Protein chains: 2
Amino acid sequence: MAKVTIRDIARLAGVSKSTVSLVLNGRPRVDPETRAKVLQVMAEHNYVPSVAATALGKRGGSPFIGLIVPGLTWRIVASINYGIASVVERSKYEIILYTSTNDRDYSGVVDRVLGANLVSGLLVVNHNQPMEPLVELYGAGLPVVLINTLGVHSDLPSVESDSYAGARSAVAHLLELGHRRIACVQGPPQFPCCVNRNKGYTDALTHAGIAIDADLIRPGGFRPQDAYRHTVDLLCGPDRPTAIFAHNDPMAYAVLDAVDECGLRVPDDISVVGFDDIVSSAHVRPPLTTVRQPFEEMGAQAAEMLLSALSYESGPPRHVRMPTELAIRASAGPVPRRRRRVPKQPADLHHAIGPKLTDAMYTSDASSPSTGLDPAGTLSTKPSG
Amino acid sequence: MAKVTIRDIARLAGVSKSTVSLVLNGRPRVDPETRAKVLQVMAEHNYVPSVAATALGKRGGSPFIGLIVPGLTWRIVASINYGIASVVERSKYEIILYTSTNDRDYSGVVDRVLGANLVSGLLVVNHNQPMEPLVELYGAGLPVVLINTLGVHSDLPSVESDSYAGARSAVAHLLELGHRRIACVQGPPQFPCCVNRNKGYTDALTHAGIAIDADLIRPGGFRPQDAYRHTVDLLCGPDRPTAIFAHNDPMAYAVLDAVDECGLRVPDDISVVGFDDIVSSAHVRPPLTTVRQPFEEMGAQAAEMLLSALSYESGPPRHVRMPTELAIRASAGPVPRRRRRVPKQPADLHHAIGPKLTDAMYTSDASSPSTGLDPAGTLSTKPSG
DNA sequence: CTGAAAGCGCTTACAG
DNA sequence: CTGAAAGCGCTTACAG
């Protein structure tokens with residue numbers, strides 16, 4: 001396993017290191033025969049250039065792309081990453097994985113990226129931190145692409161999905177099914193994606209000639225507890241809605257639970273629509289009708305944007321918005337002909353909600369609000385022993 | 001953003017590059033005052049050493065750990081990765097992410113790893129490819145740790161979960177609930193994890209004085225279709241079981257579907273237990289009782305093993321088997337007092353199963369058996385201690 | 001305890 | 001078209 005270097009190849013091919021370097025980099029001015037010889041020797045000896053040396057020699061351009069993700073447990077992030085990897089794999093770049101779970105980690109990550117000149121570009125998934133450090137890096141010439149940004153928007157190149165159109169299609173679907181009283185259980189109102197989802201909701205209603213009823217709009221924080229509470233409240237209140245649109249799938253699950261807890265049935269009494277289409281949404285009962293975000297495609301798109309920024313002179317920042325798609329399943333049905341009374345009023349709401357909230361999905365979603373993400377569980381890195 | 005180098009720091013601190021390097025590496029023989037001065041200058045200028053140069057200078061040891069994963073979409077892999085990242089983050093290493101989706105990608109990955117001297121160590125998740133390339137790398141001195149290996153087993157250091165104990169606890173739970181006729185819907189019989197799960201099943205029954213009924217053991221391939229088919233067959237057959245243990249959760253979902261399709265109820269008529277505890281298992285209806293594999297902890301454990309192999313002289317390969325835990329939910333209940341007749345026999349099995357199989361979760365989990373496995377036999381070593 | 005020097009494996013002008 | 005030389009930013013013996 002003695003490492004074979006450029007010097008070895010040069011010697012064995014009877015040329016200089018310079019020449020080997022030229023063929024290595026596919027430069028034009030090399031005699032075809034020489035090139036062939038060198039390539040043959042490289043193949044014979046299974047030569048692969050040292051990445052570190054390559055990076056050092058090329059004063060600048062490293063062969064790495066940094067990928068900052070907020071913790072890999074969120075399934076949405078996993079999908080995005082898959083899209084990214086499928087594109088980067090086909091390039092000469094390698095992915096360096098940074099995970100940040102909070103502000104502190106995040107600044108550490110940026111420090112490392114900043115100082116080490118390690119990466120040529122940066123992909124940032126589900127960013128929900130202060131934007132300044134990234135803007136600074138970008139301003140200093142480091143290509144950056146944001147994917148599915150939460151929180152504040154910026155001028156940095158970005159890939160998002162179309163929250164507005166997605167929400168609008170969800171509500172349009174309910175309208176087609178005959179619903180007129182449609183509630184909206186919202187995520188954090190300061191998040192742009194939620195602003196857009198809410199606008200899609202109100203525009204769809206307005207377009208159908210339905211007045212907006214403020215009582216049907218319930219702001220929250222992507223927390224299933226909130227969704228649960230709002231749902232119980234909506235169902236027990238006067239003139240209850242016949243359909244509920246939730247701003248993400250985990251919240252929609254909480255809506256389903258709340259409807260169940262009140263003794264009503266989905267979709268016979270109440271229709272429910274979510275947003276994201278995380279994998280489990282096809283498997284809850286009833287299977288959830290929801291707005292699919294194209295996470296893999298978003299990752300791939302962002303990777304391609306970054307690669308092209310790395311190879312050509314990059315133009316102005318692009319903001320790509322990808323289309324969503326309505327996944328129609330069983331949780332939304334025709335508006336009920338008659339309204340059943342709420343069979344039971346959850347006597348002890350706290351009790352009813354208690355055990356469910358200890359569940360991994362619920363708790364971690366509550367502690368890490370984001371659009372559509374569905375953390376897999378609480379972390380305990382206790383290896384045992 | 002002019003990159004500040006070790007030379008700059010040396011000049012500004014009034015010392016030589018050598019000295020800066022010494023404090024950089026925490027070497028002892030440096031005057032405390034000098035050290036303080038250098039550190040201060042580094043802090044003032046936000047100095048971070050170039051990783052490439054560091055790697056080159058240290059003839060050998062690169063600051064990278066390779067992480068080979070079979071595609072990030074599998075939820076299990078996401079959990080494992082999170083555990084890995086949480087440990088590696090705290091070290092001086094960075095993670096380079098390689099994804100392989102098939103044999104071809106895999107050999108490409110190994111080539112890159114092999115040649116470039118890029119990584120100091122390798123973490124391999126859910127390995128299900130020929131083992132030779134990895135054995136060769138390991139033999140050549142590259143530290144490798146396998147996590148949750150599928151397929152064939154090797155002498156390489158590894159972290160698994162305890163399939164045998166997990167299966168045994170699942171069946172013991174059913175026995176406690178009064179069940180006597182317990183079926184087992186298996187994964188691929190050649191996979192060590194399935195061998196162990198089946199052994200846990202048979203040992204639990206034998207220990208309870210129950211004879212093994214070969215008709216209740218149904219081999220398959222981690223494919224939900226098989227689980228579905230077997231379940232229908234078991235339910236419609238004579239002397240049907242009162243409980244079914246499935247070798248992984250997606251198969252358990254298919255069991256739930258099949259029971260539902262036959263008009264029986266879980267857990268009133270049939271109890272169901274799975275294996276894995278993937279996130280959605282808490283959200284199917286009824287919530288699935290299943291054996292939880294500690295994926296995050298497994299990832300963390302493996303990362304720690306690799307780091308220690310990188311810093312100390314590594315001893316003989318260790319094989320760590322981590323304990324599972326039974327997640328008790330609603331899909332398993334007391335054995336029914338009386339046996340209802342099967343209300344309906346699925347008229348067209350093909351039709352019934354068709355649409356479900358097009359679902360993403362089913363197909364991807366079916367084509368990618370993602371479960372833990374045990375070293376066949378006796379390689380057991382207790383987790384670090 | 002500290003500095004001068006050589007070297008890691010590559011790239012890049014610069015000559016020829 | 002090709003080679004000799006200098007340099008990338010760090011580390012590591014080796015002197016002192």
Side-chain angles (χ1 to χ4, degrees), chain A residues 1-39 41-42 45-64 92 94 112 114-120, chain B residues 1-39 41-42 45-64 92 94 115-120:
Chain A
M1 281 279 285
K3 172 73 181 161
V4 23
T5 74
I6 197 175
R7 165 177 287 127
D8 302 320
I9 300 299
R11 184 169 33 78
L12 292 163
V15 297
S16 70
K17 290 192 310 174
S18 312
T19 302
V20 176
S21 179
L22 292 181
V23 345
L24 221 39
N25 292 282
R27 295 299 164 77
R29 329 218 128 245
V30 181
D31 182 89
E33 245 177 74
T34 311
R35 176 190 304 279
K37 175 66 180 166
V38 170
L39 287 173
V41 173
M42 295 202 300
H45 295 77
N46 227 293
Y47 171 69
V48 183
S50 150
V51 182
T54 306
L56 234 203
K58 292 196 168 123
R59 301 117 199 229
S62 94
F64 299 118
K92 62 171 182 176
E94 306 286 1
R112 280 192 283 172
L114 215 165
N117 196 19
L118 214 197
V119 301
S120 320
Chain B
M1 282 280 284
K3 170 74 183 161
V4 24
T5 74
I6 196 174
R7 164 177 287 128
D8 302 320
I9 300 300
R11 183 168 35 77
L12 292 163
V15 298
S16 71
K17 290 193 312 174
S18 311
T19 302
V20 175
S21 179
L22 292 181
V23 347
L24 220 40
N25 291 283
R27 295 300 164 77
R29 327 218 128 245
V30 181
D31 182 88
E33 246 177 73
T34 312
R35 177 190 304 277
K37 175 66 180 168
V38 170
L39 287 173
V41 173
M42 297 203 298
H45 294 76
N46 227 295
Y47 171 68
V48 184
S50 151
V51 183
T54 305
L56 235 203
K58 294 196 168 123
R59 300 116 200 229
S62 95
F64 299 118
K92 63 172 181 175
E94 306 287 1
N117 196 19
L118 214 197
V119 301
S120 319

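These numbers come from a predicted model, not from an experiment. So you know, we letter chains A, B, ... as the sequences are listed, proteins then strands, and number each from 1.
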Review point. Considering only D:dC10, C:dC10, C:dC1, which nucleotide approaches the side chain of B:Asp31 most closely?
Key: C:dC1
**Study point:** Nucleotide paired to D:dA4 in any strand shown, Watson-Crick or G-U, under 3.5 Å
**Key:** none
Check your understanding: Using a cut-off of less than 4.0 Å, is there contact between a side-chain N or O of B:Ser16 and OP1 or OP2 of C:dT2?
Key -> no
Review point. Atom CD1 of B:Ile6 to atom C1' of C:dA4: distance rounded to whole Å?
Key: 14 Å
**Study point:** For atom CZ of B:Arg11 and atom C1' of D:dG9, their distance in whole Å
**Key:** 14 Å
Exercise for review: Find the partner of D:dA13: check Watson-Crick (N1-N3 plus N6-O4 or O6-N4) and G-U wobble (N1-O2, O6-N3) distances, both under 3.5 Å, and reply none if neither fits.
Suggested key: none
**Study point:** Nearest-nucleotide pick for A:Lys17, side chain only, options being D:dT2, D:dC10, D:dA6
**Key:** D:dA6
Study note, to complete from the structure: To the nearest 0.5 Å, atom CE of A:Met42 lies from atom CG of A:Asp8 at 13.0 Å
Practice item. Check every strand shown and say whether B:Ser21 touches a base, only sugar-phosphate, or nothing at a heavy-atom separation below 4.0 Å. Key: base
Study note, to complete from the structure: Here the distance between atom C1' of D:dC10 and atom CG of B:Leu24, to the nearest Å, is 9 Å
Review point. How do A:Pro28 and B:Leu22 order along DNA chain D: which one's closest nucleotide is nearer the 5' end?
Key: A:Pro28
Review point. For the pair made of NZ in B:Lys37 and C1' in C:dT2, what is the distance, rounded to whole Å?
Key: 17 Å
Point to revise | Crowding at CZ, B:Arg7 (>12 non-hydrogen neighbours, <6.0 Å) | key: no
Exercise for review: Taking only the side-chain nitrogens and oxygens of B:Ser18, find out if one of them lies under 4.0 Å from OP1 or OP2 of C:dA5.
Suggested key: no
Point to revise | Heavy-atom pair of closest approach, residues A:Ala10 and A:Lys17 | key: CB-N, 3.7 Å
Review point. Counting only side-chain N and O atoms of A:Thr5, is one of them less than 4.0 Å from OP1 or OP2 of C:dG9?
Key: no
Study note, to complete from the structure: Partner of A:Val20 under side chain to side chain contact (heavy atoms under 4.5 Å, CB included), picked from A:Thr34, A:Thr5, A:Leu39, A:Ile6, is A:Ile6
Study note, to complete from the structure: CG of B:Leu22 to CZ of B:Arg29, rounded to nearest 0.5 Å, is 11.0 Å
Point to revise | Euclidean distance, atom CZ of residue A:Arg29 to atom P of C:dA13 [Å, nearest integer] | key: 15 Å
Point to revise | Touch class at under 4.0 angstrom, heavy-atom based, for A:Val15 against every strand present | key: sugar-phosphate
Check your understanding: A:Arg7 CZ to D:dA4 C1': how many Å, rounded?
Key -> 13 Å
**Study point:** Nearest listed nucleotide, side chain of B:Val30, among C:dT2, D:dT11, C:dC10
**Key:** C:dT2
